[in-house]
Q: 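Once you've had a glance at the structure underneath, I'll fire off some questions.
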Amino acid sequence: MTPKINSAAMKLQLQLLSFCLLCMTGKSLCDKNGPAAITVLVSEGSDVTLPCSLSTKENIEQKLFDWRKHDGMMGVFMYDEGLHYNNGGSGQDEQFKGRVFHFQDELKHGNASIIIRNTKMADSGDYTCFFPLLQTPQIFHIDLVVVSSLKPNIRILGTTDDGVQLQCEVHGASPKPKAEWKDSAGNILPAEETQVTDRGGSYDIILQTTVTRTDHYRCVVTQEEINHQIHADIYVYITGKFPP
């Protein structure tokens, strides 16, 4: 580590210590639910930008800002007067190495946002963007939610005495989803009990229903926790009649 980077690391550690003491005394700067807190939603495997900009839009090319995750325990990205984790800085958590980048051309506008490439479920969590050396230190809170919500697979299982049996499957969804079958009018169809398999935080869902008339049918998968919904459609043509 060069003397310059070592000095920056020591300077940051002192500022973070002071900040932690402020948090322990209940200062509003540390309040995760304050006005700066936002939630960012992204699908697993996509790139995501975590926003962080000074309202003054002052040039931060010669400033220090530090991105951390989970109460400051994980180093995500640190920038100090041109030095950062991608050009010699140390302290970045292994989870983020080679995946986090800043917007160099936007620094002159006070923009300290970062982009995380190829997001993983493990990236979900609480992030902070901290400017410790401003006249009034500033911190921004971002909740990153990485979701896995693959489009449901639907198919016709076959014909029974009661009608045509349809099946909807979702694999590896997170957070836990809810599945429903609907007809073209949006009516929720009676269905068998949903089969749910928990695979360590990701879920497999199987839902079956039986239909008795020609129509367009839709399997709707909803993740209420993150207000996310996806669906798949199938057209079923039925000749003849089934008992009511």
Q: Write down the atom of Pro132, the atom of Pro137, and the distance for their closest heavy-atom approach.
A: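 It is O-CG, 3.7 Å.
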
Q: Taking all non-hydrogen atoms of both residues into account, name the closest pair between Val170 and Pro152 and its distance.
A: CG2-CB, 3.7 Å

Q: Under the criterion side-chain contact (heavy atoms from CB on, under 4.5 Å), which of Asp143, Ile116, Leu144, Val145 is the partner of Val40?
A: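 Among Asp143, Ile116, Leu144, Val145, the one that satisfies the side-chain contact (heavy atoms from CB on, under 4.5 Å) with Val40 is Leu144.
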
Q: Is a donor on one side and an acceptor on the other found under 3.5 Å between the side chain of Asp215 and the backbone of Tyr217?
A: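 Side chain of Asp215 to backbone of Tyr217, a donor-acceptor pair under 3.5 Å: no, none is there.
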
Q: Short question: side chain of Thr214, backbone of Ile238 - any donor-acceptor pair under 3.5 Å?
A: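 The answer is yes, because a donor-acceptor pair under 3.5 Å joins these two groups.
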
Q: Which residues pass the side-chain hydrogen bond (donor to acceptor under 3.5 Å, both in side chains) test with Glu61, sequence neighbours left out?
A: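 side-chain hydrogen bond (donor to acceptor under 3.5 Å, both in side chains) check on Glu61 returns Asn59.
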
Q: Using modelled atom types and a 3.5 Å cut-off, is there a donor and acceptor pairing between side-chain atoms of Lys57 and backbone atoms of Leu54?
A: no

Q: For residues Gln195 and Glu193, is any side-chain donor paired with an opposing acceptor at under 3.5 Å?
A: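 No - no donor-acceptor pair under 3.5 Å links their side chains.
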
Q: Taking Asn118's backbone N and O only, do any of them form a donor-acceptor pair with Arg99's side chain (distance below 3.5 Å, no angle check)?
A: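 Judged by distance alone, yes, a pair lies under 3.5 Å.
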
Q: Can you list the residues that meet the side chain to side chain contact (heavy atoms under 4.5 Å, CB included) rule with Glu44, with sequence neighbours excluded?
A: Met121, Val146, Ser148

Q: Could you go through the side-chain contact (heavy atoms from CB on, under 4.5 Å) check for Asp204 and Arg199 one step at a time?
A: CA-CA 8 Å; Asp204 296 344; Arg199 301 188 183 279; 2.3 Å; yes

Q: Walk me through whether Tyr203 and Val196 qualify under side-chain contact (heavy atoms from CB on, under 4.5 Å).
A: CA-CA 7 Å; Tyr203 297 85; Val196 180; 3.9 Å; yes

Q: Nearest heavy-atom pair of Phe140 and Cys52: which atoms, and what distance?
A: CD1-SG, 3.5 Å

Q: Are His84 and Phe77 an aromatic pair by the rule of ring centers under 6.0 Å?
A: yes

Q: I'd like to check Val147 versus Leu41 (side-chain heavy atoms, cut-off strictly below 4.5 Å). Are they in contact?
A: yes

Q: First locate atom CD of Gln138, then atom OG of Ser55, and finally report the distance between them rounded to the nearest 0.5 Å.
A: 6.0 Å

Q: Are Leu157 and Val236 grouped together when hydrophobic residues (ILVMFWY) are joined by side-chain heavy atoms under 4.5 angstrom apart?
A: no

Q: Can you name the residues that form a side chain to side chain contact (heavy atoms under 4.5 Å, CB included) with Phe101, not counting sequence neighbours?
A: Asn86, Ile115, Arg117

Q: Given 3.5 Å as the limit, does a donor-acceptor pair link the side chain of Thr160 with the main chain of Asp162, or not?
A: yes

Q: I'd like to know if the side chain of Tyr79 and the backbone of Gly82 have a donor-acceptor N/O pair within less than 3.5 Å.
A: yes

Q: Distance check, rounded to the nearest 0.5 Å: Leu134 atom CG versus Phe65 atom CZ?
A: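 It comes to 11.5 Å.
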
Q: Verify side-chain contact (heavy atoms from CB on, under 4.5 Å) between Thr194 and Ile206, making sure each step is shown before the conclusion.
A: CA-CA 6 Å; Thr194 307; Ile206 298 178; over 6 Å; no

Q: Flag the pair Arg213 and Asp183 as a salt bridge only when some basic side-chain nitrogen lies within less than 4.0 angstrom of an acidic carboxylate oxygen.
A: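 Salt bridge present between Arg213 and Asp183.
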
Q: Taking atom CZ of Arg155 and atom SG of Cys168, what is their separation to the nearest 0.5 Å?
A: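 Going from CZ on Arg155 over to SG on Cys168, the span is 11.0 Å.
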
Q: Please say yes or no: joined through hydrophobic side-chain contacts below 4.5 Å, possibly via intermediate residues, are Leu189 and Val220 part of one cluster?
A: no

Q: Hydrogens and angles aside, do Gln223 and Gln229 bring a side-chain donor and acceptor to less than 3.5 Å of each other?
A: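 Looking only at side-chain atoms, Gln229 and Gln223 do not form any donor-acceptor pair under 3.5 Å.
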
Q: To the nearest 0.5 angstrom, please state how far the OG atom of Ser53 sits from the CD atom of Glu106.
A: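 Ser53 atom OG to Glu106 atom CD measures 8.0 Å (nearest 0.5 Å).
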
Q: Run through Val76, Val48, Thr49 and flag the one making a side-chain contact (heavy atoms from CB on, under 4.5 Å) with Ile114.
A: Val76

Q: Under a 3.5 Å distance rule, please check whether Trp67 uses its side chain to pair with a backbone N or O of Ala112 as donor and acceptor.
A: yes

Q: Might you point out which heavy atoms bring Ile205 and Ala179 nearest each other, and give the distance in Å?
A: CG2-CB, 3.9 Å

Q: Start with the C-alpha distance between Lys63 and Asp80, add both sets of side-chain angles, then the distance that settles salt bridge (Lys or Arg N to Asp or Glu O under 4.0 Å), and finish with yes or no.
A: CA-CA 6 Å; Lys63 302 292 185 181; Asp80 185 36; over 6 Å; no

Q: Take atom NZ in Lys176; do more than 12 heavy atoms of anything else shown fall under 6.0 Å from it?
A: no

Q: Would you check if the side chain of Asp126 reaches a backbone N or O of His70 as a donor-acceptor pair within less than 3.5 Å?
A: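 No, because the side chain of Asp126 does not come within donor-acceptor range (under 3.5 Å) of the backbone of His70.
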
Q: Kindly indicate, with the supporting measurements, whether the criterion side-chain contact (heavy atoms from CB on, under 4.5 Å) is fulfilled by Gln167 and Leu207.
A: CA-CA 6 Å; Gln167 179 167 290; Leu207 181 65; over 6 Å; no

Q: I need the minimum non-hydrogen distance between Thr209 and Pro190, along with the two atoms involved.
A: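 Minimum heavy-atom contact is OG1-O, 2.5 Å.
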
Q: Within the supplied structure, the quantity of interest is the number of heavy atoms (other residues, nucleotides, ligands) at a distance under 6.0 Å from Tyr237 OH; does it exceed 12?
A: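 No.
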
Q: Scan side-chain atoms only and decide if Gln104 and His102 contain a donor-acceptor pair under the 3.5 Å cut-off.
A: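 Gln104 vs His102: donor-acceptor pair found between side chains.
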
Q: Is there side-chain contact between Ile154 and Trp181, with at least one heavy-atom pair below 4.5 Å?
A: yes

Q: Go through the side-chain N and O atoms of Thr222 and Glu224 and say whether any donor and acceptor fall under 3.5 Å apart.
A: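 The answer is no; no qualifying pair exists.
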
Q: Given side chains that start at C-beta, do those of His228 and Val221 come closer than 4.5 Å, heavy atoms only?
A: no

Q: State, with a plain yes or no, whether a side-chain heavy atom of Lys151 is found less than 4.5 Å away from one of His231.
A: no

Q: Would you check if the side chain of Thr210 reaches a backbone N or O of Leu166 as a donor-acceptor pair within less than 3.5 Å?
A: no

Q: Report yes if some heavy atom in the side chain of Glu58 is under 4.5 Å from a heavy atom in the side chain of His109; otherwise report no.
A: no

Q: To the closest 0.5 Å, what do you measure between NE2 (His141) and CZ (Phe130)?
A: 10.0 Å

Q: Check Ser113 against Phe103 and note the closest heavy-atom contact, atom names and distance.
A: O-CD1, 3.3 Å

Q: How long is the span from the CD atom in Glu180 to the CD1 atom in Ile188, to the nearest 0.5 Å?
A: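 It is 4.0 Å, given to the nearest 0.5 Å.
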
